[in-house]
Novice: 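Just passing along the structure, written as structure tokens.
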Amino acid sequence: MPKDINDKKEKKENKHFFKDFKAELKRVIWPTPKQLVNNTVAVITIVLITAIVVFVLDLAFETVNNYGVNKLREVVGTHNEQANTTTNNTTNEVENNSNTNNDGNTTSATNNETNNTENTTNTTVNNTQN
């Protein structure tokens, strides 16, 4: 018996739901075809304007980012070049001071010329690597 009562109650609720649903649809104010077209055009226009704004901002940020990264690479490359030149010059000075002949005389003039050539070569190699 309880099962039959539940089934009857459920059918009554379903009928009541559909009656209420139909009554609500009668109260809805549907737009006229002209209003529908106007609202659709407004929505599409707003979406297109938003898409254009996002595209322009994306392009601008990408350009700034690329310029900033390239500028940063340039600054870092210049810094590395200066550090390498300073290191090479210091190393060459130490080598010049430590080179001596059998007589105890330094051969710094010849070594300086050789080291200057090495510095130029090292600087050129560093520039091409950066």
Novice: If you look only at pairs with a residue in residues 38-50, which of them pass as a salt bridge (charged side-chain N to carboxylate O under 4.0 Å, His left out), with sequence neighbours excluded?
Specialist: none
Novice: Can you name the salt bridge (charged side-chain N to carboxylate O under 4.0 Å, His left out) partners of Glu24, sequence neighbours left out?
Specialist: Arg27
Novice: Quick one: name the residues clustered hydrophobically with Leu48, using the 4.5 Å side-chain heavy-atom rule over I, L, V, M, F, W, Y, and just say none if it's on its own.
Specialist: Ile44
Novice: If I take atom CG from residue Asn65 and atom CG from residue Asn70, how far apart are they, to the nearest 0.5 angstrom?
Specialist: 9.5 Å
Novice: For residues 31-60, which residue pairs qualify under side chain to side chain donor-acceptor pair (under 3.5 Å), counting only residues two or more places apart or in two chains?
Specialist: none
Novice: Just to verify, what does Lys19 make a side chain to side chain contact (heavy atoms under 4.5 Å, CB included) with, not counting sequence neighbours?
Specialist: none
Novice: Can you name the side chain to side chain contact (heavy atoms under 4.5 Å, CB included) partners of Val64, sequence neighbours left out?
Specialist: none
Novice: Give the other cluster members for Val28, using side-chain heavy-atom distances under 4.5 Å between Ile, Leu, Val, Met, Phe, Trp and Tyr residues; answer none if it is isolated.
Specialist: Phe21, Leu25, Trp30
Novice: Can you sort out the partners of Asp20 under side-chain hydrogen bond (donor to acceptor under 3.5 Å, both in side chains), two or more places apart, ordered by chain and number?
Specialist: His16
